Amino acid sequence: MYQNKSPRGDSPVSIIGAGIAGAWQALLFAQAGHAVTLHERSDAAMTASTSHWAGGMLAPYCEAEVAEPIISRLGLRSLDIWRRELPDTPFNGSLVVAHARERNDFERFARMTEGHERLDAPAVAQFEPSLDGRFRDALFFPAEGHVEPRRVLPKLHERILAAGGVIKFNSDVNARDLEGIVIDCRGLSARDGEPELRGIKGEMILIETAEVELARPVRLIHPRWPLYVIPREDHLFMLGATSIEAEDTGVSVRSALELLGAAYSVHPAFAEARIVEFGSGLRPAFPDNLPRITINKQTISVNGLYRHGFLLAPALAELTLAYVERGMIDNEVMRCA
């Protein structure tokens, strides 16, 4: 990092977009004493937001298999911020499993990641009794966590209000019409200023069953993409997550078959589960799939979080705040227009 001349630190701060990226920006700026207004073009339910369809996994160690080192660096910092700001966030680890035919991929995953311990079959059954006899071993990542996006986002909004911030829903604003510092967290809607952005479709299925109980996310090594089975409250499980180079909405038949079939292979009881919801969100990504903070005078764009929104958003907000208050520049993330 190095120091640069930053905007006036006492200027009002307007943030556009109340999804996970904008919410963390608003929270940290409000806690630091700034006059914060968070604008969201949709209503408080935020069903049109990419965050509404996210898995909410906080898994920087697992992501190291395919992600650049910057994702691990920012992700590990974000874990500390999640623990600090929302201490009830579940950090009971994540589990990676594979069937015998994917053994080579499983061992590759183990080599490409760190921060895990190998569990034998009895230990797997101790950690997750529902998986007793299903897998001969697993990788356990004890430091990882997960959140339920549809529950945690309203909590962040409440924290913003408690810190003195203002949230305006149904507020479709233009950065040029706002005074002070503007932080643009609009995701794909920001392509008017970030033409390189593209949408990556992530599909999910929400199912309900009382026949399976999991205490943590379970990731199944898959020949094309990994399956996440993420436990939620009230006997719900989210199945995800695909990453498809497409900007249409909805869940394809192919993806539904793959996700449901893979879930069945994790535990046969999922075959009797009730399907509650199908859905998809478009994740904003730059060509390199890395996050970017772009500084253009009084406007700061935070975008390109790709499939790591809930993992990276706290650390990116901390970097933005450090720039505004102290002129600190993170060369791996920040660009000056």
Side-chain angles (χ1 to χ4, degrees), residues 1-7 13-29 38-40 49-51 54 57-60 63-64 66-79 81-82 173-176 178 181-202 243 245 247 281-337:
M1 288 191 178
Y2 70 89
Q3 283 190 310
N4 186 36
K5 185 179 180 181
S6 63
V13 178
S14 297
I15 299 162
I16 309 175
I20 193 62
W24 272 106
Q25 296 282 335
L27 178 58
L28 294 195
F29 272 88
L38 177 59
H39 297 271
E40 170 56 43
S49 169
T50 300
S51 299
M57 293 180 67
L58 308 178
E63 292 301 320
V66 293
E68 297 290 333
I70 186 176
I71 302 301
S72 297
R73 174 172 72 86
L74 294 175
L76 289 172
R77 177 56 191 153
S78 285
L79 297 190
I81 302 173
W82 276 105
V173 296
N174 191 304
R176 294 188 298 269
L178 300 172
I181 299 167
V182 178
I183 303 176
D184 187 344
C185 299
R186 291 179 294 150
L188 280 180
S189 297
R191 278 195 285 204
D192 52 358
E194 300 276 8
E196 289 184 293
L197 282 171
R198 75 192 196 283
I200 306 295
K201 185 168 73 167
S243 292
E245 293 279 351
E247 295 193 11
L282 291 178
R283 305 151 171 161
F286 289 110
D288 58 5
N289 292 334
L290 296 179
R292 189 180 301 174
I293 299 174
T294 304
I295 302 163
N296 187 358
K297 298 180 181 178
Q298 293 288 100
T299 300
I300 302 171
S301 173
V302 180
N303 218 317
L305 277 66
Y306 184 39
R307 55 196 296 270
H308 307 117
F310 280 77
L311 176 61
L312 300 183
L316 294 176
E318 188 176 65
L319 292 179
T320 308
L321 180 63
Y323 167 72
V324 169
E325 293 195 330
R326 303 189 302 278
M328 301 299 295
I329 296 287
D330 187 306
N331 290 319
E332 282 194 285
V333 183
M334 292 181 165
R335 297 186 179 189
C336 295

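Because the structure is a prediction, the values reported are computed rather than measured. Residue numbers run from 1 in the order of the sequence given.
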- Task: May I ask you to test the Ile293-Tyr323 pair for a side-chain heavy-atom distance under 4.5 Å?
- Result: no
- Task: Work out which heavy atom in Ser72 is nearest to a heavy atom in Ala64; give both atom names and the distance.
- Result: OG-CB, 3.7 Å
- pair Leu197-Arg186: side-chain heavy atoms closer than 4.5 Å: no
- Task: Can you tell me which residue pairs pass the salt bridge (Lys or Arg N to Asp or Glu O under 4.0 Å) test with a partner in residues 284-294, sequence neighbours excluded?
- Result: Glu196-Arg292
- Query: With a 4.0 Å cut-off, would you call Glu194 and Arg335 a salt bridge?
  - Reply: no
- Measure the spacing between CD1 of Ile81 and CG of Leu76 and express it to the nearest 0.5 Å. 11.5 Å
- Item | Plane angle bin for Trp82 and Trp24 - parallel if under 30°, tilted between 30 and 60°, otherwise perpendicular | perpendicular
- Message: Here's a test for you: under salt bridge (charged side-chain N to carboxylate O under 4.0 Å, His left out), which of Lys201, Arg191, Arg198, Arg283 qualifies with Glu247?
- Response: Arg191
- Message: What I'd like to find out is whether the side chain of Glu63 reaches to under 4.5 Å of the side chain of Met57, using heavy atoms alone.
- Response: no
- Task: With rounding to the nearest 0.5 Å, note down the distance linking CD1 in Ile295 to CE in Met334.
- Result: 5.0 Å
- Message: Less than 4.5 Å apart, side chain to side chain, heavy atoms only: is that true for Ile20 and Ser49?
- Response: no
Which pairs would a plain distance check flag for residues 311-322, meaning a side-chain donor or acceptor within less than 3.5 Å of a matching protein atom at least two apart in sequence or in another chain?
residue: Glu318; atom: OE1; partner: Arg77; partner atom: NE; Å: 2.8
residue: Glu318; atom: OE2; partner: Arg77; partner atom: NE; Å: 3.3
residue: Glu318; atom: OE2; partner: Arg77; partner atom: NH2; Å: 2.6
residue: Thr320; atom: OG1; partner: Gln25; partner atom: OE1; Å: 3.4
residue: Thr320; atom: OG1; partner: Gln25; partner atom: NE2; Å: 3.2
residue: Thr320; atom: OG1; partner: Leu316; partner atom: O; Å: 2.9

- Roughly how far apart are Cys185 SG and Asn303 CG, rounded to 0.5 Å? 8.0 Å
- Is any side-chain heavy atom of Ser78 less than 4.5 Å from a side-chain heavy atom of Leu58? no
- About how many Å separate CD1 of Ile181 and CZ of Phe29, when rounded to the nearest 0.5 Å? 6.5 Å
- Task: Report the distance from atom CG of Leu188 to atom OG1 of Thr50, rounding to the nearest 0.5 Å.
- Result: 6.5 Å
- Item | For Glu68, salt bridge (Lys or Arg N to Asp or Glu O under 4.0 Å) partners two or more places apart | none
- Message: By the definition side chain to side chain contact (heavy atoms under 4.5 Å, CB included), identify the one residue from Ile16, Val13, Ile15 that meets it with Leu178.
- Response: Ile16
- Determine yes or no for a side-chain-to-main-chain donor-acceptor pair under 3.5 angstrom, with Asp184 supplying the side chain and Ile300 the backbone. no
